[in-house]
Amino acid sequence: MPPSVLMVAEKPSIALSIARFLSSGRMSSRRSYLEVHEFDGRFRGLDVRYKITSVIGHVLSIDFPPKYQNWDTTDPFELFGALTIKSEANPKAHVCKHLQQEARGCDYLVLWLDCDREGENICFEVMESAVPVMRKGSGQQVFRAKFSAISEKDILTAMNSLGEPNKNEALAVDARQEIDLKVGVAFTRFQTRYFQGKYGNLDSSVISYGPCQTPTLGFCVERHLRITTFVPEPFWIVQPHISKGGHQLLLEWERNRLFDREVALMFQKMVTDTKSVQVTDVSKKEDRKHRPSGLNTVDMLKVASSALGMGPHHAMQIAERLYIQGYISYPRTESTAYSASFDVQGALSLHRKHPIWGDYVASLMAAGPHTPKSGVDAGDHPPITPMLSATESELGGGDAWRLFEYVTRHFLGSVSPDCKYTRTKVSFAAGGEKFSVSGRAVISPGFTAVMPWLAVADESLPTFSVGETISLSEVELYQGRTTAPDYLTESELITLMEKHGIGTDASIPVHINNICERNYAQVQSGRRVVPTALGITLVRGYQTIDIDLCLPDIRRFIEQQITLIAKGQMHYTRVVQHALQEFSAKFNYFVAQIERMDALFEAQFSPLADSGKPLSKCGKCSRYMKYIAMRPSRLYCASCEEVHHLPQNGAIKLYTELTCPLDNFELVIFSLAGPDGKSYPLCPYCYNHPPFEGAEVIFGGVGSGKDGGKGTGKGSRGMPCSICPHPTCRHSMIQQGVCSCPECDGTLVLDPISAPKWRLDCNKCNCLVYLPHNAHRISVSKDHCDDCGSALLEVNFNKNATPLTGGATLHKACVLCDELLHSLVEVKHGKAFFKRSGRGRSGRGRGRGRQSRGRGRGRVDPRMSFRDF
DNA sequence: GCAAGGTC
C-alpha cells in the first residue's frame, strides 16, 4: 500500500474545491460522517494516496466541568479560577470519530484550515483527534498549508510550500475562549440571580453579560441617552432667492447657519439692501462617483437592512441558502478585493442572457474588461459574487430573489466604469456675504446604470457669466431648530461594531439578535434599534458602577492581550491570568456596588412580591405562592422569599389542588401551546430539587450535567412528575408510564389532561400517541403485559361507540400487544412504533435505547398508525 | 438558563 496523506479543510465545500484542484478533477468521493475525496498523487517525492475531508468549523468548545454547572451551589466568583474542559462542539456530527477513522494509519497530515487565528486553533483540534492514530514515522508528519484564496494557483502554491501550524496563534484563541467564557458566565449568572430574585417584570429569560453583546447594547443606549438629553436650539439662515432663465434658485450661504438671531438679521438687512447679487466665479469640473469595490459580508448586511429591510440574521440565512444552492459564492468574507486570478469575463458571461440585466452585461463585455476597484483582500474568501444566473421565478421571488439581485447588481457595478458627471459651481457676492449654487450634469452613468438607486441626479443650472448682476427677488431669513438624532439604524450599528472590532462578520448578526432576544432592545420601524427599559437600565447601571463594562474598549483589551500571545511576545498562561485577575477585580467591585445599579432597577421594575397572581400553595408555609408569567415564568413564595423555577414557553395552571406526597407543595400542570402540545404535572419543589438520588443524573436535573457539563438539552432542566421515580405517588412516571418511547429513550406517560382526546406523551421528546377517541375515560392500570412488560391501559369506551362485542365498555389491554387497542391508536411526530420485548416502563429498564433505528431522518406521515409500520 | 467563535 502506498503511503497515505490525510488533508483536512474547515468546511466541506473547501475540501471539495481543494480536491478538484489537486487531482485535476480525477478523484473519487465517498460519504462517511462527512465527505471524503480520494486520489493518487505525489507528495515529497513519494507516490501517495491522498484523502481530503473537512471538519465543520470548530471541533471542540470550551465549558466548565459539571460541578460548576449548578447555579445554586456555585459562587460565580469561583468561575474565574475554575478549570475548564473542552468537549466536542457538536456531538451529533461525530467529527472526532470521523477524523480518527480517516486518520488511522495515515503517514502524513496536511491542515487546510482557513488561514486566520480561528483556523490555526482548529488545526490543533484536528491534530488532537488525528495524530494519535496516525502511523508513527520519522521526520515531520504534520503540515500546514497557507493559502490566500481558493483558486487553483493559490492551492498549488500552498501545496508546494507547506509549513507547520502556528501554536502561538492557536493559543491566542484558547485564551480568548477562556476569558470570554469566564467573564461572560460569571457576570451573567450573578446579575441574573440578583435581579431575577428581586423583580418580577424584567421579561428576560436571563440577564446576560458579554464582552461583545454588552458593548453592542451600549451603542444603542448611548444613542438613546443622546436623544433624551437633546436640547433643540434655534438657528437662522439667510436665503436669497433669484430667478434666471426660467429657474427659481435658492442660494446657499457660505456661513451655512447662525445661532444668533440679531446677527443673522443684520446680515439679512445687508444683503437685502444691495438688492442684487453679483456672480464672482463660475467653475466647471468633471467629477466621478466611484464604482463599488467587491461586496463583503458586513456591507451586504448593511444594505440588506437599510435598503431591503431584511435583518442581518435573516439576511445571513437567505445568503447561506443561496450559497448552498450554488447561486452565490461563500457569504462570509471580509474581502472587498477580487484576487488577481478572479475570472471577471467568465463571471460576467453567465449573465449575458439574463432577461433583466443581460443587455447591460453584453454591452459591458463588448466594451472590454474593467478592472474592479481595489479593496481589501483579507485572504479568507473572495468577495460575494453571483455564481449562476437566475430569474425571480427560479428563486421563488421574495427575499432570496431580492438579495440575489442585489449581489448580482453589486458585482456588475464593481466591474463597470465609474459614473462621470460635470459639476458646476457658481459663486455670488451680495452685501459682503458669499453665496453659491451648484448644478450637475451626468456625462456617462457608468455603474449607476445597473445600480440605479446610486444614480447622480441631473441638476441643471442656467448659464451665468462672471461679473453679471442679478436682482434679488427676495431675501428670506429661514428659522430652523436643531433636531435630536434618531435611534441607530441596524446598518449604523453594524458600522459601529465593525469599527470597534465587536464581533466578526459571522457573529455580528448573532450579537444583534442576542440583545433583541434578551429583551434589551427591539428593532422598530425603519430597522432602528431601540433599547428597552431593561437595556437602558442595565447600561446606565454599568455606567454608574464601572463604565468599562459596557464600552467597546473591553473587547479591544482582550484582543490586544491575546495578540501578544499570537505574536509570541507573552506566555499564554501569564496573559490569561493577568486578564482574569483584571476582570475578577472588576467583578468583585461590581458585586460590591450592585446596589447602585439596583437603585435604577427599583425605579423601573416591580418587586417580586408585587408581581404575579396567587396560584398554588407552598409546601413549607402553606401560603399561596405567586405565579409570575413574565419571562422567565416562575413561582414566588413571598413569606419564604423563595423563587421556584418552572419549565418555560408554555402555560402553567393549578392541578386541581393535588399535592406532592414528598413535600406537600401543590402540584401545577404545564402545557405546551397548541393542540399537539404535551402536558405534564410537576411539583414546584421537586422540579428544582430532584428528591431522588440519581434522578437528576439520569434526567439532567437543574444545573447538573452528566455529559460533559452540557446538561441534557432543552426541557430537561428540572424533574417534573412525568420522570419522577416515586414508587407510589399516583402522578409519578412509575404510576403513569406505559411503555418506552418509539422515538427516543424516554417513556410514554398518560397525559393527565388530554381528555377527551386521550393520549400518551413522551416524557423526553415530542412524540405523542393518540389513544382511541371514543373513550370517555382511560387510565393506567397497575398490571403489566405478560409479553412486553408495558403497563396495561384501562379503557372505558363510550356506550354508543364501543368497538367491543356485545356493547361492552370496559377494556383492559396492552397498547402494543392487544390487536384491538393497537389498531385504534396513532403516533404523531413519531415515525416508528414497534413492539419491544422485555422493556416495559420504568422500574424495569425504562426505555434504554432502541433496538433498531433507521439511519435516515426523512419525514414520515406523522399520522401513520403504528400498526401500519 | 450563561460567552464568543467556527459552520450546517
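Every chain is numbered from 1, with letters handed out A, B, ... down the list of sequences. Hydrogens, waters and symmetry mates are skipped; everything else that's a heavy atom, side chains included, is used.
Considering only side-chain N and O atoms, A/Gln648 lies nowhere under 4.0 angstrom from the phosphate OP1 or OP2 of B/dG1. Using a 4.0 Å cut-off, some side-chain N or O of A/Tyr330 falls inside it from OP1 or OP2 of B/dT7. For B/dG5, the OP1/OP2 oxygens have no side-chain nitrogen or oxygen of A/Ser61 closer than 4.0 Å. Taking 4.0 angstrom as the limit, A/Ser507 places a side-chain polar atom (N or O) nearer than this to OP1 or OP2 of B/dG5. Remark: A/His511 is in phosphate contact with B/dG5, judged by side-chain N or O atoms under 4.0 Å from OP1 or OP2. In terms of phosphate contacts, A/Arg518 brings a side-chain nitrogen or oxygen within less than 4.0 Å of OP1 or OP2 of B/dC2.
Residue contacts for A/Asn121: at a heavy-atom cut-off of 4.0 Å it reaches no nucleic acid atom on any strand shown. Among the atoms of the strands shown, none is found under 4.0 Å from any heavy atom of A/Pro632. Using a 4.0 Å heavy-atom criterion, one finds that A/Pro211 contacts the sugar-phosphate atoms exclusively. At the heavy-atom level, A/Gly503 lies under 4.0 Å from the strands shown only through sugar-phosphate atoms. If you check every strand for non-hydrogen atoms under 4.0 Å, A/Thr192 touches a base. At a threshold of 4.0 angstrom between heavy atoms, the contacts of A/Tyr209 are confined to the sugar-phosphate backbone, with no base atom among them.
Residue A/Thr188 places its side chain closer to B/dC2 than to any other of B/dG1, B/dC2, B/dC8. The side chain of A/Lys11 lies closest to B/dT7, out of B/dG1, B/dT7, B/dG5. The A/Asn514 side chain lies nearest to B/dA4 when the options are B/dC2, B/dG6, B/dA4.
Under the rule for a ring pair (Phe, Tyr, Trp, His ring centres under 6.0 Å), the partners of A/Phe195 that lie at least two apart in sequence or sit in another chain are A/Phe601. Considering only residues two or more places apart in sequence or on other chains, A/His58 meets the ring pair (Phe, Tyr, Trp, His ring centres under 6.0 Å) condition with none of them. Under the salt bridge (Lys or Arg N to Asp or Glu O under 4.0 Å) criterion, A/Arg631 pairs with A/Asp203, not counting sequence neighbours. The ring pair (Phe, Tyr, Trp, His ring centres under 6.0 Å) check on A/Tyr209 picks up A/Phe187, A/Tyr542, with sequence neighbours excluded.
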Under 3.5 Å, side-chain donor or acceptor atoms of residues 509-518 of chain A against the rest of the protein: list the pairs with distances, not counting sequence neighbours.
{"unit_1": "A/His511", "atom_1": "NE2", "unit_2": "A/Ser507", "atom_2": "OG", "d": "3.4"}
{"unit_1": "A/Arg518", "atom_1": "NH1", "unit_2": "A/Ser208", "atom_2": "OG", "d": "2.8"}

Please tabulate, one pair per line, all N/O donor-acceptor pairs under 3.5 Å involving side-chain atoms of residues 313-326 of chain A, not counting sequence neighbours.
{"unit_1": "A/His314", "atom_1": "NE2", "unit_2": "A/Asp399", "atom_2": "OD2", "d": "2.7"}
{"unit_1": "A/Glu320", "atom_1": "OE1", "unit_2": "A/Arg332", "atom_2": "NH1", "d": "3.0"}
{"unit_1": "A/Tyr323", "atom_1": "OH", "unit_2": "A/Ser13", "atom_2": "OG", "d": "2.5"}

Which pairs would a plain distance check flag for residues 547-562 of chain A, meaning a side-chain donor or acceptor within less than 3.5 Å of a matching protein atom at least two apart in sequence or in another chain?
{"unit_1": "A/Asp548", "atom_1": "OD2", "unit_2": "A/Lys586", "atom_2": "NZ", "d": "2.8"}
{"unit_1": "A/Arg555", "atom_1": "NH1", "unit_2": "A/Asp180", "atom_2": "OD1", "d": "3.1"}
{"unit_1": "A/Arg555", "atom_1": "NH1", "unit_2": "A/Asp180", "atom_2": "OD2", "d": "3.4"}
{"unit_1": "A/Arg555", "atom_1": "NH2", "unit_2": "A/Asp180", "atom_2": "OD2", "d": "3.3"}

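As a whole-Å value, the separation of A/Asp116 CG from B/dG6 P is 7 Å. A straight line from CG of A/Leu60 to C1' of B/dA4 spans 15 Å, rounded to a whole angstrom. For A/Leu646 and B/dG1, the CG to P distance is 13 Å, given to the nearest whole Å.
DNA chain B lies under 4.0 Å from at least one heavy atom of each of the following residues of residues 193-206 of chain A: A/Gln196, A/Val206. Near DNA chain B, meaning a heavy atom under 4.0 Å from it, residues 176-186 of chain A has A/Arg176, A/Gln177, A/Asp180, A/Leu181, A/Gly184, A/Val185 in order of number.
For B/dC2, its base never sits under 3.5 Å from the side chain of A/Gln191 at any donor and acceptor pair.
Using cut-offs of 30° and 60° for the angle between ring planes, the A/Phe404 and A/Tyr327 rings count as perpendicular. The aromatic rings of A/Phe147 and A/Trp112 are tilted relative to each other, their planes meeting at an angle between 30° and 60°.
When each of A/Gln101, A/His98, A/Met7 is paired with A/Thr53, the side-chain contact (heavy atoms from CB on, under 4.5 Å) condition holds for A/His98 and for no other.
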